[in-house]
Amino acid sequence: KQFSVPDNESYKITAYTSTDAASGSYIMLFSREVRPGYYILSDSVVYVEFFGNVERQYDQVVKKEMYIQGHKAAIVSGRNMKQKEIFAKALSVIRDNRNIMIMVIGDSSYVLSPSVDNIFNSIRFIDPPKIKWNTYQAPDKSSSAWAPGPFRLHEESAATHMIAYDTATSTTFFITPDTMKKYTWVQNDSTFWALSVKNYFGDSTLYEKKVQNGDVSGREWMLQEGSVYSRIRVLPSGNIIYKIFVVGGKELLESENTDKFFESFRLNGPGIPPTYLESKATLLLQDLRSEDSATRADAFSYLPLGAFSKQDLPMLHEALVQSYQRPYDFSELTAVNGGLGEQIAKLSDSATLVFLEEQYNKLGKEKDPIRAAMLSTLAGMQTEQSYNLLTKLMSTSIPNHLPDYHFGGALRDTILLTAKFYPGLQQHAAKHEQYGPILADVVLELLDSGLVKKEVVAAAENDFIQAA
(Lines give C-alpha, C1' and ligand atoms only; values in the text may rest on other atoms or scores of the structure.)
Protein backbone atom coordinates (compact mmCIF):
# COMPACT_ATOMS: atom_id res chain seq x y z
CA LYS A 1 0.00 0.00 0.00
CA GLN A 2 1.31 3.44 -0.92
CA PHE A 3 0.49 6.46 1.18
CA SER A 4 1.64 10.07 1.39
CA VAL A 5 3.97 11.42 4.02
CA PRO A 6 4.30 15.14 4.81
CA ASP A 7 7.21 16.42 2.72
CA ASN A 8 9.89 18.64 4.14
CA GLU A 9 11.90 21.45 2.57
CA SER A 10 14.55 19.20 1.04
CA TYR A 11 12.81 15.89 0.30
CA LYS A 12 9.78 14.50 -1.48
CA ILE A 13 8.82 11.47 0.58
CA THR A 14 6.87 8.43 -0.61
CA ALA A 15 6.02 5.50 1.69
CA TYR A 16 4.82 1.94 1.07
CA THR A 17 3.58 -0.55 3.68
CA SER A 18 2.96 -4.26 3.80
CA THR A 19 1.99 -6.79 6.46
CA ASP A 20 3.10 -10.38 7.01
CA ALA A 21 0.10 -12.22 8.49
CA ALA A 22 2.17 -15.29 9.38
CA SER A 23 4.59 -13.37 11.61
CA GLY A 24 2.32 -10.46 12.54
CA SER A 25 4.97 -7.99 11.38
CA TYR A 26 4.84 -4.77 9.41
CA ILE A 27 7.21 -3.81 6.59
CA MET A 28 7.58 -0.17 5.57
CA LEU A 29 9.59 1.27 2.68
CA PHE A 30 10.33 4.99 2.43
CA SER A 31 11.75 6.73 -0.62
CA ARG A 32 13.12 10.17 0.13
CA GLU A 33 13.87 11.98 -3.12
CA VAL A 34 15.88 15.18 -2.89
CA ARG A 35 13.91 18.10 -4.25
CA PRO A 36 15.17 20.26 -7.17
CA GLY A 37 17.94 22.61 -6.06
CA TYR A 38 19.07 20.38 -3.17
CA TYR A 39 21.50 17.47 -2.89
CA ILE A 40 22.88 14.97 -0.40
CA LEU A 41 26.36 16.24 0.39
CA SER A 42 27.42 13.47 2.78
CA ASP A 43 26.06 9.98 3.46
CA SER A 44 27.48 10.08 6.99
CA VAL A 45 25.21 13.02 7.88
CA VAL A 46 22.16 11.09 6.64
CA TYR A 47 23.16 7.99 8.60
CA VAL A 48 23.78 9.95 11.81
CA GLU A 49 20.26 11.38 11.49
CA PHE A 50 18.91 7.87 10.78
CA PHE A 51 20.56 6.37 13.88
CA GLY A 52 19.45 9.32 16.00
CA ASN A 53 15.79 8.94 15.02
CA VAL A 54 15.86 5.25 15.97
CA GLU A 55 17.72 5.81 19.26
CA ARG A 56 15.10 8.32 20.42
CA GLN A 57 12.43 5.59 20.39
CA TYR A 58 14.34 2.32 20.85
CA ASP A 59 16.86 0.88 23.31
CA GLN A 60 19.11 -2.20 23.09
CA VAL A 61 20.26 -0.64 19.83
CA VAL A 62 22.65 -2.59 17.58
CA LYS A 63 24.25 -0.92 14.56
CA LYS A 64 26.07 -2.40 11.60
CA GLU A 65 26.83 -1.80 7.92
CA MET A 66 26.47 -3.72 4.67
CA TYR A 67 26.95 -2.95 0.99
CA ILE A 68 24.29 -3.11 -1.73
CA GLN A 69 25.79 -3.11 -5.22
CA GLY A 70 28.70 -1.02 -3.95
CA HIS A 71 26.58 1.41 -1.92
CA LYS A 72 27.11 1.50 1.84
CA ALA A 73 23.94 0.85 3.86
CA ALA A 74 23.38 1.48 7.57
CA ILE A 75 21.41 -1.08 9.60
CA VAL A 76 20.04 -0.65 13.12
CA SER A 77 17.82 -2.73 15.39
CA GLY A 78 16.31 -2.15 18.82
CA ARG A 79 13.44 -2.56 21.30
CA ASN A 80 10.68 0.02 21.59
CA MET A 81 11.06 2.00 24.81
CA LYS A 82 7.31 2.30 25.49
CA GLN A 83 6.13 -1.11 24.26
CA LYS A 84 8.84 -3.54 25.28
CA GLU A 85 7.38 -6.42 23.25
CA ILE A 86 7.86 -4.52 19.98
CA PHE A 87 11.18 -4.67 18.13
CA ALA A 88 12.28 -2.98 14.91
CA LYS A 89 15.06 -3.39 12.39
CA ALA A 90 15.75 -0.74 9.77
CA LEU A 91 18.05 -0.19 6.81
CA SER A 92 19.03 3.11 5.16
CA VAL A 93 20.94 3.38 1.87
CA ILE A 94 21.71 6.21 -0.55
CA ARG A 95 21.91 6.05 -4.32
CA ASP A 96 22.60 9.34 -6.09
CA ASN A 97 20.15 11.77 -4.44
CA ARG A 98 17.57 9.27 -3.21
CA ASN A 99 17.56 7.84 0.31
CA ILE A 100 15.81 4.45 0.58
CA MET A 101 14.76 3.19 4.03
CA ILE A 102 13.18 -0.15 4.92
CA MET A 103 11.82 -0.88 8.39
CA VAL A 104 10.45 -4.16 9.80
CA ILE A 105 8.40 -4.01 13.02
CA GLY A 106 7.27 -7.05 15.03
CA ASP A 107 8.25 -9.23 17.98
CA SER A 108 11.83 -10.20 18.71
CA SER A 109 11.45 -13.78 17.42
CA TYR A 110 10.84 -12.49 13.91
CA VAL A 111 12.61 -9.11 13.74
CA LEU A 112 15.90 -10.51 15.01
CA SER A 113 15.68 -13.68 12.91
CA PRO A 114 17.50 -14.48 9.65
CA SER A 115 14.20 -13.91 7.78
CA VAL A 116 14.59 -10.13 8.12
CA ASP A 117 18.25 -10.35 7.07
CA ASN A 118 17.02 -12.14 3.95
CA ILE A 119 14.73 -9.20 3.20
CA PHE A 120 17.60 -6.73 3.47
CA ASN A 121 19.96 -8.98 1.47
CA SER A 122 17.39 -9.21 -1.33
CA ILE A 123 17.43 -5.48 -2.06
CA ARG A 124 18.63 -4.62 -5.56
CA PHE A 125 18.77 -1.29 -7.37
CA ILE A 126 17.06 -1.07 -10.73
CA ASP A 127 18.63 1.21 -13.34
CA PRO A 128 16.64 4.46 -13.57
CA PRO A 129 14.46 4.95 -16.64
CA LYS A 130 15.97 6.76 -19.59
CA ILE A 131 14.82 10.34 -20.05
CA LYS A 132 15.40 12.58 -23.03
CA TRP A 133 18.18 15.13 -22.62
CA ASN A 134 18.65 18.20 -24.80
CA THR A 135 20.50 21.49 -25.02
CA TYR A 136 18.73 24.20 -23.01
CA GLN A 137 19.32 27.92 -22.50
CA ALA A 138 19.90 29.34 -19.03
CA PRO A 139 17.01 31.56 -17.81
CA ASP A 140 19.15 34.70 -18.07
CA LYS A 141 20.18 33.76 -21.64
CA SER A 142 23.85 34.01 -20.66
CA SER A 143 24.71 30.39 -21.43
CA SER A 144 23.49 26.97 -22.50
CA ALA A 145 24.26 23.33 -21.70
CA TRP A 146 23.14 19.75 -22.31
CA ALA A 147 20.69 18.92 -19.51
CA PRO A 148 17.86 16.54 -18.47
CA GLY A 149 15.30 19.35 -18.68
CA PRO A 150 14.92 23.14 -18.99
CA PHE A 151 16.95 25.32 -16.65
CA ARG A 152 15.08 27.51 -14.17
CA LEU A 153 16.02 29.82 -11.35
CA HIS A 154 16.18 28.18 -7.94
CA GLU A 155 14.18 30.81 -6.09
CA GLU A 156 14.61 29.19 -2.65
CA SER A 157 18.34 30.00 -2.60
CA ALA A 158 20.00 33.31 -1.74
CA ALA A 159 22.61 32.62 -4.43
CA THR A 160 21.79 32.71 -8.14
CA HIS A 161 21.44 29.05 -9.06
CA MET A 162 20.09 28.04 -12.47
CA ILE A 163 19.05 24.41 -12.20
CA ALA A 164 17.92 21.49 -14.35
CA TYR A 165 16.44 18.46 -12.57
CA ASP A 166 16.80 14.77 -13.45
CA THR A 167 13.61 13.15 -12.13
CA ALA A 168 15.02 9.64 -12.69
CA THR A 169 17.86 10.08 -10.17
CA SER A 170 16.54 13.06 -8.13
CA THR A 171 19.68 14.96 -9.16
CA THR A 172 20.04 18.68 -9.84
CA PHE A 173 22.47 20.06 -12.42
CA PHE A 174 23.65 23.53 -11.41
CA ILE A 175 24.91 26.60 -13.28
CA THR A 176 25.85 29.29 -10.77
CA PRO A 177 27.23 32.66 -11.93
CA ASP A 178 28.97 34.60 -9.17
CA THR A 179 30.12 38.21 -9.59
CA MET A 180 33.55 38.81 -8.08
CA LYS A 181 33.90 41.55 -5.49
CA LYS A 182 35.10 44.76 -7.08
CA TYR A 183 38.41 44.60 -5.16
CA THR A 184 39.25 41.01 -6.14
CA TRP A 185 42.67 40.64 -7.70
CA VAL A 186 45.63 38.28 -7.56
CA GLN A 187 49.15 38.40 -8.94
CA ASN A 188 48.80 35.41 -11.30
CA ASP A 189 46.54 32.58 -12.46
CA SER A 190 48.20 29.96 -10.26
CA THR A 191 47.37 32.00 -7.15
CA PHE A 192 43.74 32.36 -8.24
CA TRP A 193 43.33 28.62 -8.72
CA ALA A 194 45.14 27.79 -5.48
CA LEU A 195 42.74 30.10 -3.62
CA SER A 196 39.78 28.52 -5.44
CA VAL A 197 40.80 25.07 -4.20
CA LYS A 198 41.25 26.37 -0.65
CA ASN A 199 37.94 28.27 -0.61
CA TYR A 200 35.81 25.63 -2.28
CA PHE A 201 37.28 22.26 -1.38
CA GLY A 202 40.12 22.27 1.16
CA ASP A 203 42.27 19.16 0.69
CA SER A 204 39.56 16.68 -0.31
CA THR A 205 39.90 16.72 -4.11
CA LEU A 206 40.26 13.45 -6.04
CA TYR A 207 41.53 15.22 -9.14
CA GLU A 208 42.05 18.64 -10.66
CA LYS A 209 42.32 19.25 -14.39
CA LYS A 210 42.43 22.15 -16.81
CA VAL A 211 39.35 22.49 -19.04
CA GLN A 212 38.22 24.56 -22.00
CA ASN A 213 34.60 25.49 -22.74
CA GLY A 214 34.60 27.38 -26.02
CA ASP A 215 37.01 30.27 -25.55
CA VAL A 216 36.79 30.19 -21.73
CA SER A 217 39.52 28.37 -19.80
CA GLY A 218 38.88 26.89 -16.38
CA ARG A 219 39.44 24.04 -13.96
CA GLU A 220 37.46 20.99 -12.87
CA TRP A 221 37.59 19.00 -9.64
CA MET A 222 36.07 15.81 -8.25
CA LEU A 223 35.49 15.42 -4.50
CA GLN A 224 34.38 12.48 -2.38
CA GLU A 225 32.52 12.39 0.93
CA GLY A 226 31.81 8.75 1.76
CA SER A 227 29.78 7.36 -1.14
CA VAL A 228 28.75 10.85 -2.31
CA TYR A 229 30.76 12.58 -5.05
CA SER A 230 30.82 16.19 -6.25
CA ARG A 231 31.99 17.24 -9.70
CA ILE A 232 32.64 20.95 -10.09
CA ARG A 233 33.87 23.10 -12.97
CA VAL A 234 34.86 26.76 -12.53
CA LEU A 235 35.04 29.10 -15.54
CA PRO A 236 35.97 32.79 -15.05
CA SER A 237 34.92 35.34 -17.68
CA GLY A 238 35.33 39.06 -17.04
CA ASN A 239 34.21 39.73 -13.48
CA ILE A 240 31.93 36.67 -13.34
CA ILE A 241 32.88 33.17 -12.21
CA TYR A 242 30.63 30.44 -13.60
CA LYS A 243 30.43 27.43 -11.30
CA ILE A 244 28.94 24.28 -12.87
CA PHE A 245 28.41 21.33 -10.58
CA VAL A 246 26.58 18.09 -9.85
CA VAL A 247 26.46 15.99 -6.65
CA GLY A 248 25.60 12.28 -6.66
CA GLY A 249 27.02 8.79 -7.04
CA LYS A 250 30.30 8.20 -8.87
CA GLU A 251 28.64 6.23 -11.67
CA LEU A 252 26.19 9.07 -12.33
CA LEU A 253 28.89 11.74 -12.28
CA GLU A 254 30.99 9.81 -14.81
CA SER A 255 28.05 8.98 -17.09
CA GLU A 256 27.88 10.03 -20.74
CA ASN A 257 25.15 12.62 -20.15
CA THR A 258 26.92 14.18 -17.19
CA ASP A 259 30.16 14.39 -19.19
CA LYS A 260 28.23 16.13 -21.95
CA PHE A 261 26.65 18.55 -19.45
CA PHE A 262 30.12 19.74 -18.44
CA GLU A 263 31.66 19.72 -21.90
CA SER A 264 28.69 21.38 -23.66
CA PHE A 265 28.45 24.46 -21.45
CA ARG A 266 28.90 27.60 -23.56
CA LEU A 267 28.54 31.30 -22.94
CA ASN A 268 26.24 33.09 -25.37
CA GLY A 269 28.91 35.47 -26.55
CA PRO A 270 32.69 35.69 -26.48
CA GLY A 271 34.57 34.95 -23.30
CA ILE A 272 36.19 37.96 -21.63
CA PRO A 273 39.66 37.87 -20.02
CA PRO A 274 39.14 37.54 -16.26
CA THR A 275 39.46 40.78 -14.33
CA TYR A 276 41.14 39.16 -11.32
CA LEU A 277 44.56 39.88 -12.85
CA GLU A 278 43.87 43.63 -12.93
CA SER A 279 45.21 45.39 -9.83
CA LYS A 280 42.56 47.03 -7.69
CA ALA A 281 45.10 48.64 -5.35
CA THR A 282 44.37 52.21 -6.45
CA LEU A 283 40.60 51.70 -6.20
CA LEU A 284 40.88 50.08 -2.78
CA LEU A 285 43.03 52.89 -1.34
CA GLN A 286 40.71 55.47 -2.86
CA ASP A 287 37.63 53.86 -1.29
CA LEU A 288 39.26 53.75 2.14
CA ARG A 289 38.98 57.56 2.05
CA SER A 290 35.40 57.62 0.76
CA GLU A 291 32.83 59.86 2.39
CA ASP A 292 30.32 57.03 2.06
CA SER A 293 30.46 54.85 5.18
CA ALA A 294 29.33 51.67 3.37
CA THR A 295 32.07 52.09 0.76
CA ARG A 296 34.70 52.64 3.47
CA ALA A 297 33.56 49.57 5.38
CA ASP A 298 33.56 47.39 2.27
CA ALA A 299 37.06 48.52 1.31
CA PHE A 300 38.39 48.02 4.83
CA SER A 301 36.95 44.49 5.05
CA TYR A 302 38.87 43.56 1.89
CA LEU A 303 42.13 45.27 2.89
CA PRO A 304 43.63 42.14 4.54
CA LEU A 305 42.98 40.21 1.30
CA GLY A 306 44.60 42.74 -1.04
CA ALA A 307 47.20 41.19 -3.37
CA PHE A 308 49.63 44.09 -3.04
CA SER A 309 53.08 43.86 -4.60
CA LYS A 310 56.29 45.79 -4.06
CA GLN A 311 55.32 47.98 -7.01
CA ASP A 312 52.46 49.24 -4.82
CA LEU A 313 54.75 50.34 -1.98
CA PRO A 314 55.01 54.04 -2.96
CA MET A 315 51.21 54.46 -2.82
CA LEU A 316 50.97 52.30 0.33
CA HIS A 317 53.63 54.44 2.04
CA GLU A 318 51.77 57.60 1.11
CA ALA A 319 48.50 56.10 2.31
CA LEU A 320 49.99 55.03 5.64
CA VAL A 321 50.63 58.62 6.76
CA GLN A 322 47.14 59.89 5.86
CA SER A 323 44.26 60.38 8.30
CA TYR A 324 41.06 58.38 7.81
CA GLN A 325 37.54 58.25 9.09
CA ARG A 326 36.66 55.15 11.07
CA PRO A 327 35.57 52.29 8.76
CA TYR A 328 33.05 51.19 11.40
CA ASP A 329 31.55 53.17 14.26
CA PHE A 330 33.33 50.94 16.79
CA SER A 331 36.72 50.96 15.02
CA GLU A 332 39.89 52.47 16.42
CA LEU A 333 40.82 55.86 14.99
CA THR A 334 43.86 54.35 13.25
CA ALA A 335 42.22 51.08 12.14
CA VAL A 336 42.90 51.85 8.47
CA ASN A 337 46.51 52.87 9.15
CA GLY A 338 47.02 49.66 11.08
CA GLY A 339 45.60 47.60 8.23
CA LEU A 340 47.82 49.37 5.72
CA GLY A 341 50.81 48.80 7.98
CA GLU A 342 50.10 45.05 8.00
CA GLN A 343 50.15 44.96 4.20
CA ILE A 344 53.35 46.98 4.06
CA ALA A 345 54.99 44.72 6.66
CA LYS A 346 54.13 41.60 4.62
CA LEU A 347 56.12 42.97 1.69
CA SER A 348 59.14 43.42 4.00
CA ASP A 349 61.09 45.77 1.74
CA SER A 350 64.10 47.89 2.69
CA ALA A 351 62.43 50.90 1.04
CA THR A 352 59.91 50.83 3.87
CA LEU A 353 62.68 51.24 6.46
CA VAL A 354 63.99 54.30 4.61
CA PHE A 355 60.51 55.79 4.34
CA LEU A 356 59.56 55.24 7.98
CA GLU A 357 62.84 56.62 9.29
CA GLU A 358 62.44 59.75 7.18
CA GLN A 359 58.81 60.33 8.09
CA TYR A 360 58.65 59.33 11.75
CA ASN A 361 60.23 62.45 13.25
CA LYS A 362 58.75 64.76 10.61
CA LEU A 363 55.29 64.10 11.97
CA GLY A 364 54.29 66.26 14.91
CA LYS A 365 52.66 65.15 18.15
CA GLU A 366 49.24 65.68 16.59
CA LYS A 367 50.12 62.70 14.34
CA ASP A 368 50.97 60.37 17.22
CA PRO A 369 48.25 57.87 16.19
CA ILE A 370 49.92 57.53 12.78
CA ARG A 371 53.38 57.27 14.34
CA ALA A 372 52.06 54.43 16.50
CA ALA A 373 50.92 52.68 13.32
CA MET A 374 54.43 53.16 11.92
CA LEU A 375 55.96 51.41 14.94
CA SER A 376 53.48 48.57 14.57
CA THR A 377 54.50 48.26 10.91
CA LEU A 378 58.17 47.90 11.91
CA ALA A 379 57.28 45.28 14.53
CA GLY A 380 55.21 43.44 11.94
CA MET A 381 58.12 43.23 9.48
CA GLN A 382 59.87 40.96 12.02
CA THR A 383 63.43 41.36 10.77
CA GLU A 384 66.61 42.41 12.56
CA GLN A 385 66.72 45.58 10.46
CA SER A 386 63.14 46.54 11.32
CA TYR A 387 63.62 45.82 15.03
CA ASN A 388 66.83 47.82 15.03
CA LEU A 389 65.02 50.80 13.52
CA LEU A 390 62.07 50.28 15.90
CA THR A 391 64.40 50.54 18.90
CA LYS A 392 66.15 53.58 17.39
CA LEU A 393 62.91 55.48 16.74
CA MET A 394 61.54 54.70 20.19
CA SER A 395 64.74 56.06 21.71
CA THR A 396 64.02 59.44 20.11
CA SER A 397 60.31 59.73 20.73
CA ILE A 398 57.40 57.46 21.66
CA PRO A 399 53.87 58.31 20.49
CA ASN A 400 51.40 59.21 23.18
CA HIS A 401 48.88 56.81 21.68
CA LEU A 402 47.98 53.21 22.47
CA PRO A 403 49.33 50.94 19.71
CA ASP A 404 47.03 48.41 18.08
CA TYR A 405 47.13 44.74 19.04
CA HIS A 406 49.48 43.94 16.15
CA PHE A 407 52.38 45.58 18.00
CA GLY A 408 52.41 43.27 21.01
CA GLY A 409 51.40 40.29 18.89
CA ALA A 410 54.36 40.77 16.57
CA LEU A 411 56.78 40.97 19.50
CA ARG A 412 55.42 37.71 20.91
CA ASP A 413 55.45 35.97 17.51
CA THR A 414 59.19 36.57 17.12
CA ILE A 415 60.21 35.95 20.70
CA LEU A 416 63.87 35.17 19.90
CA LEU A 417 64.26 38.37 17.90
CA THR A 418 62.44 40.36 20.56
CA ALA A 419 64.79 38.99 23.22
CA LYS A 420 67.78 40.36 21.30
CA PHE A 421 66.37 43.89 21.24
CA TYR A 422 64.51 43.75 24.54
CA PRO A 423 67.05 45.68 26.67
CA GLY A 424 66.81 48.69 24.35
CA LEU A 425 63.01 48.51 24.22
CA GLN A 426 62.83 48.29 28.02
CA GLN A 427 65.14 51.25 28.45
CA HIS A 428 62.93 53.54 26.37
CA ALA A 429 59.42 52.19 26.84
CA ALA A 430 59.10 50.59 30.30
CA LYS A 431 57.77 53.73 31.97
CA HIS A 432 55.60 54.79 29.03
CA GLU A 433 51.88 54.84 29.86
CA GLN A 434 50.78 53.10 26.64
CA TYR A 435 53.79 50.98 25.70
CA GLY A 436 54.98 49.97 29.17
CA PRO A 437 52.08 47.57 29.95
CA ILE A 438 52.42 45.93 26.53
CA LEU A 439 56.12 45.40 27.07
CA ALA A 440 55.41 44.00 30.54
CA ASP A 441 53.16 41.32 29.01
CA VAL A 442 55.83 40.41 26.48
CA VAL A 443 58.57 40.17 29.07
CA LEU A 444 56.61 37.55 31.01
CA GLU A 445 56.99 35.21 28.00
CA LEU A 446 60.65 36.10 27.72
CA LEU A 447 61.19 35.22 31.38
CA ASP A 448 59.24 31.95 31.06
CA SER A 449 61.40 31.01 28.09
CA GLY A 450 64.62 31.93 29.88
CA LEU A 451 65.51 34.42 27.15
CA VAL A 452 65.88 37.39 29.50
CA LYS A 453 67.49 37.43 32.92
CA LYS A 454 65.40 38.46 35.92
CA GLU A 455 68.02 41.00 36.90
CA VAL A 456 67.52 42.86 33.61
CA VAL A 457 63.78 43.13 34.18
CA ALA A 458 64.17 43.95 37.87
CA ALA A 459 66.19 47.03 36.95
CA ALA A 460 63.04 48.50 35.34
CA GLU A 461 60.58 47.36 38.04
CA ASN A 462 59.78 50.88 39.20
CA ASP A 463 59.29 52.05 35.59
CA PHE A 464 56.80 49.27 34.91
CA ILE A 465 54.94 50.09 38.13
CA GLN A 466 54.81 53.74 37.15
CA ALA A 467 53.43 52.89 33.69
CA ALA A 468 50.76 50.66 35.19
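Shown here is D292, whose CG atom has more than 12 heavy atoms of other residues, nucleotides or ligands within 6.0 Å. Counting heavy-atom neighbours within 6.0 Å of E318 CD, excluding the residue itself, gives a total of 12 or less. Heavy-atom contacts from other residues, nucleotides or ligands closer than 6.0 Å to NZ of K250 number 12 or fewer.
At a threshold of 4.0 Å, the pair D117-K89 counts as salt-bridged, since one of the basic side-chain nitrogens sits closer than that to a carboxylate oxygen. Salt-bridge annotation for R95 and D127: present, with a side-chain N of the basic residue lying under 4.0 Å from a carboxylate O of the acidic one. We find that K182 and D298 are not joined by a salt bridge, their nearest charged nitrogen and carboxylate oxygen being 4.0 Å or further apart. Salt bridge annotation for K362-E358: absent, with no cationic side-chain nitrogen under 4.0 angstrom from a carboxylate oxygen.
In this view, I86 and N80, Q83, I105 satisfy the side-chain contact (heavy atoms from CB on, under 4.5 Å) rule, not counting sequence neighbours. Taking the ring pair (Phe, Tyr, Trp, His ring centres under 6.0 Å) definition, one finds that Y38 meets it with H154, sequence neighbours left out. Under the ring pair (Phe, Tyr, Trp, His ring centres under 6.0 Å) criterion, Y405 pairs with no residue, sequence neighbours left out.
Relative ring orientation between W193 and W221 is described as tilted, the plane-to-plane angle lying within the 30° to 60° band. Between F355 and H317, the two ring planes are parallel [angle under 30°; tilted spans 30° to 60°].
Put simply, the side chain of L417 reaches to within 4.5 Å of the side chain of E384, judged on heavy atoms. Residues I40 and V46 meet the side-chain proximity criterion, which asks for heavy atoms closer than 4.5 Å. Counting only heavy atoms from C-beta outward, the side chains of L316 and L347 approach each other to under 4.5 Å.
The nearest pair of heavy atoms linking E220 to F262 is OE1-CD2, 4.1 Å.
Y183 and D287 form a side-chain donor-acceptor contact under 3.5 Å, judged by distance and modelled atom types alone. Of the N and O atoms on the side chains of S142 and D140, at least one donor lies less than 3.5 Å from an acceptor on the other residue. Side-chain N/O atoms of T334 and N337 include no donor and acceptor closer than 3.5 Å. Using modelled atom types and a 3.5 Å distance limit, the side chains of D312 and Q343 yield no donor-acceptor pair. T171 and D166 are not linked by any side-chain donor-acceptor pair at a separation below 3.5 angstrom, with hydrogens and angles left out of the test.
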Worked check of side chain to side chain donor-acceptor pair (under 3.5 Å) between S190 and N188: CA-CA 6 Å; S190 59; N188 50 57; 2.7 Å; yes
Audit row: L363, M374, side chain to side chain contact (heavy atoms under 4.5 Å, CB included) steps and yes/no: CA-CA 11 Å; L363 299 177; M374 293 171 128; 3.9 Å; yes
Given the rule in the side chain to side chain donor-acceptor pair (under 3.5 Å) test, do D96 and S170 qualify, once you have shown the distances and angles that lead to the verdict? CA-CA 7 Å; D96 297 326; S170 306; over 6 Å; no
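Taking the six-membered ring where the residue is Trp, the centroids of F308 and W185 are separated by under 6.0 Å. Taking the six-membered ring where the residue is Trp, the centroids of F174 and Y39 are separated by under 6.0 Å.
Remark: the backbone N or O of W146 is paired with a side-chain donor or acceptor of S264 at under 3.5 angstrom.
Stacking of K181 on the aromatic ring of Y302 is not recorded, the 6.0 Å distance cut-off and the 45° axial limit not both being met.
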